[in-house]
Amino acid sequence: MGLGTVVAQTIVNGLMVGMIYVLMAIGFTLVFGIMRIVNFAHGEFYMIGAFVFAIVFDSLGVPVAVSILAAVIVVGLSGVVVERAIFRPFTGDELNGMIASLGLALILQNGALLVLGPSPRSVPAIVDGTVSMAGLVFSLSRMTVIGVGAVAILALYLLVVHTQFGRAMRAVAQDPEIALVQGIRPERVYPIAFALGVALAALAGALMAPVLSVSPFIGLTPTLKAFIVVVIGGLGSIPGAVLGGLLLGLIESAAGTFLSAVVADIAQFVIVIAVVLLRPWGLLGKKEREA
Amino acid sequence: MRRSALLLALAAAVIALIPVVAPNLFYVHLAIVTCLNVMFVLGLAVIARVGQLSMGHAGFGLLGGYVSALLAMNLGLPVPLGLLAATLAAAATAALLGWIILRLRGVYFVLVAFSFGQIVVLLALGMEDITQGANGLVNVPAPAVFGYLLNTKTAFYPLAVAAAALVGTGVWLLFRSPFGDAMAAIAENPRLTESSGVDTHVYQVVAFSIGSGIAGFAGALSTHYFQFISPDSFTFWDSVSYLTMLVVGGRVGVWGPILGAVVLTPLPELLRSTQGLQHVLYGAVLILVLLFLRDGLVGLPARLRGLRRTSAPHPILEHSPERPS
């Protein structure tokens, strides 16, 4: 393999992993921005999405697109229930909402362990084959992850910026009381925003299921990456999550290929600290008054 | 006052009798692990005292464990000095990290402290030359006191109790001191406290250092007890357990954390038969306590008597207005 191929594959891998981080981080930052909840259970919804996809696609033999949709819908609906049952009492209470999310993470992860068992299951690739561009060969399945992720992000962007519901969400994120005065009911916005956030995590889980294996324990690492991405990109900023996620994926992929996994891990943390020191509101976040 | 003295004497008697009446060594083991958890949870309580929660708490335990184990194995350093080094290493790391992240809003502290805990695990896995990677370090020396090797459960138990009592007394004195009052004031209202001349940043950094130093100490002691440490020894889920113990026991004062560790450490052992179920129950208990018993188990008697004075609920810690005992 020539250097060109290695570089190209590093970039494709970085973009694929980065796209997953972007989906995770957008969902996380959406929930935090609107509900002020640091959702430590975010990765558990990724795990559930991966499991639903694995069962529907692999065990039941349903077509790929329908299986992905099933994962997104199942997790989205469970998000509505979870918001109402667990997070609603902690509206406006950042600290206790966060602790409740830790309890939820324990329940979801170990519930999955009880029902599905600890052994990892592998899922067949959703597409086979390769595409060649400019003399370089790319795996089609990785390109699909990048493509589907990009479409989802674009759809979300249009929803947030150009629809009435998107405006309502942004209004609640800025100030729930003033939004209420304007006739927006925050308690209608919360469940949908939460469902949207965890549905994005489920999409990420479904897309990654064929690439990595699926087990009850896979949720924690994507949660960590989502945290790192939102600190780098700026908490509450969707463009920041996109930039931060892709950047993190590329850095991780490059450092992992050309240096070592340890260097990649240290590099991420150093970047987080550097951002916090030099630009605490994140690369694309808005400067805000310290609380 | 007399009642609390009586309770303390009773507790001391129970603690002293455990190795004598325990039907087998497993109960002594449980008692040791309870002492270790008491220390971890007290460390977390010191940080919670300034209104912060560290989800990287176990990471400092892991750091302390590796520091002490490596010093003992590679340099032959006596265990007490290793424990001191582990405490200082964890406290110094926390001071540096805290100085950087505690200037920002609370949520950044949560995110970065959690990331730190994960990075420590990844480094312990990755730096195989030093840490032996996933295999961990085996045959970590047991501590020796006055030439007496504490390499059995019964011999280690008094040391664990003494260490937990030392940490408990230290934290109790800290909370009663003017410094402790200032810490509680910061949790209550950081801006008001700042405007009355308290450098809230310094207090928060010091509290984070002390709490994490305690975690480093407990992690090191635990490593010398098990004579083993691996990246799995202290993970994020241990941080979640410490937090659960803190919240279930009660967040204010020293008795809440101690009670939480004492109640919740042995409890999972009774449910051991079903893998996973114990943690599901842990999660459910955590959420139920948050919803219905904000002050934790230590607040239960007052709640039952219905004598709780009505006071404006505190946004972060739910402080009762009186000084905690």
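Throughout, a chain's letter reflects where its sequence line sits, starting with A, and its residues are numbered from 1. All of these numbers come straight from a predicted model, not from anything done at the bench.
- For B:Met127, the parts lying near chain A are the backbone and the side chain together; criterion is any non-hydrogen pair under 4.5 Å.
- Taking the six-membered ring where tryptophan is involved, the planes of A:Phe40 and B:Phe114 are perpendicular, since the angle between them exceeds 60° and thus also 30°.
- For A:Val276, the parts lying under 4.5 angstrom from a heavy atom of chain B are both the backbone and the side chain.
- Note: B:Leu286 CG to A:Leu102 CG = 7.0 Å, rounded to the nearest 0.5 Å.
- In this structure, chain B has no heavy atom under 4.5 Å from any part of A:Leu108.
- Only the side chain of B:Leu243 has a heavy atom closer than 4.5 Å to any heavy atom of chain A.
- Heavy atoms closer than 4.5 Å to chain B are found in the side chain of A:Gln109, but not in its backbone.
- Residues A:Asn96 and B:Arg294 meet the side-chain proximity criterion, which asks for heavy atoms closer than 4.5 Å.
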Quiz item: Between B:Arg251 and A:Leu95, is a side-chain contact (heavy atoms from CB on, under 4.5 Å) present by the stated rule, with each step listed?
Solution: CA-CA 12 Å; B:Arg251 280 176 246 184; A:Leu95 194 85; 3.8 Å; yes
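- No side-chain heavy atom of B:Val107 sits under 4.5 Å from any side-chain heavy atom of A:Arg36.
- Side-chain contact check for B:Arg103 versus A:Leu277: some heavy-atom pair is nearer than 4.5 Å.
- For B:Tyr282, the parts sitting under 4.5 Å from any heavy atom of chain A are the backbone and the side chain alike.
- Taking all atoms of both residues into account, the shortest heavy-atom contact from B:Val112 to A:Phe269 is O-CE1, 4.1 Å.
- Open room surrounds CZ on A:Arg84; 12 or fewer heavy atoms of other groups in view lie less than 6.0 Å from it.
- Residues A:Pro89 and B:Leu291 meet the side-chain proximity criterion, which asks for heavy atoms closer than 4.5 Å.
- Chain A is approached within less than 4.5 Å, heavy atom to heavy atom, by no residue from residues 56-65 of chain B.
- Of the inter-residue distances, the one linking A:Thr221 atom OG1 with B:Leu122 atom CG reads 7.5 Å to the nearest 0.5 angstrom.
- Between A:Phe90 and B:Leu290, some side-chain heavy-atom pair lies under the 4.5 Å cut-off.
- Between B:Leu123 atom CG and A:Ile266 atom CD1 the span is 5.0 Å, to the nearest 0.5 Å.
- To the nearest 0.5 Å, the span separating OG1 on B:Thr235 from CG on A:Leu220 amounts to 8.0 Å.
- Neither the backbone nor the side chain of A:Phe87 comes within contact range of chain B, judged by heavy atoms closer than 4.5 Å.
- Heavy atoms only, all atoms of each residue included: B:Ile119 and A:Asp265 are closest at CD1-O, 3.6 Å.
- Highest contact tally toward chain B, considering only A:Leu104, A:Ile86, A:Val262, is held by A:Val262 [criterion: heavy-atom pairs under 4.5 Å].
- Under a cut-off of 6.0 angstrom, the local environment of CD in A:Glu187 is crowded, with over 12 non-hydrogen atoms contributed by other residues, nucleotides or ligands.
- The CD1 atom of A:Ile107 sits 9.0 Å away from the CG atom of B:Leu281 when rounded to the nearest 0.5 Å.
- Heavy atoms of B:Leu97 lying under 4.5 Å from chain A belong exclusively to its side chain.
- Note that CD1 of B:Ile100 is 5.0 Å distant from CD1 of A:Ile273, once rounded to the nearest 0.5 Å.
- Heavy atoms only, all atoms of each residue included: A:Gly111 and B:Val280 are closest at N-CG2, 3.6 Å.
- The parts of B:Leu111 that come within reach of chain A are both its backbone and its side chain, each placing non-hydrogen atoms under 4.5 angstrom from that chain.
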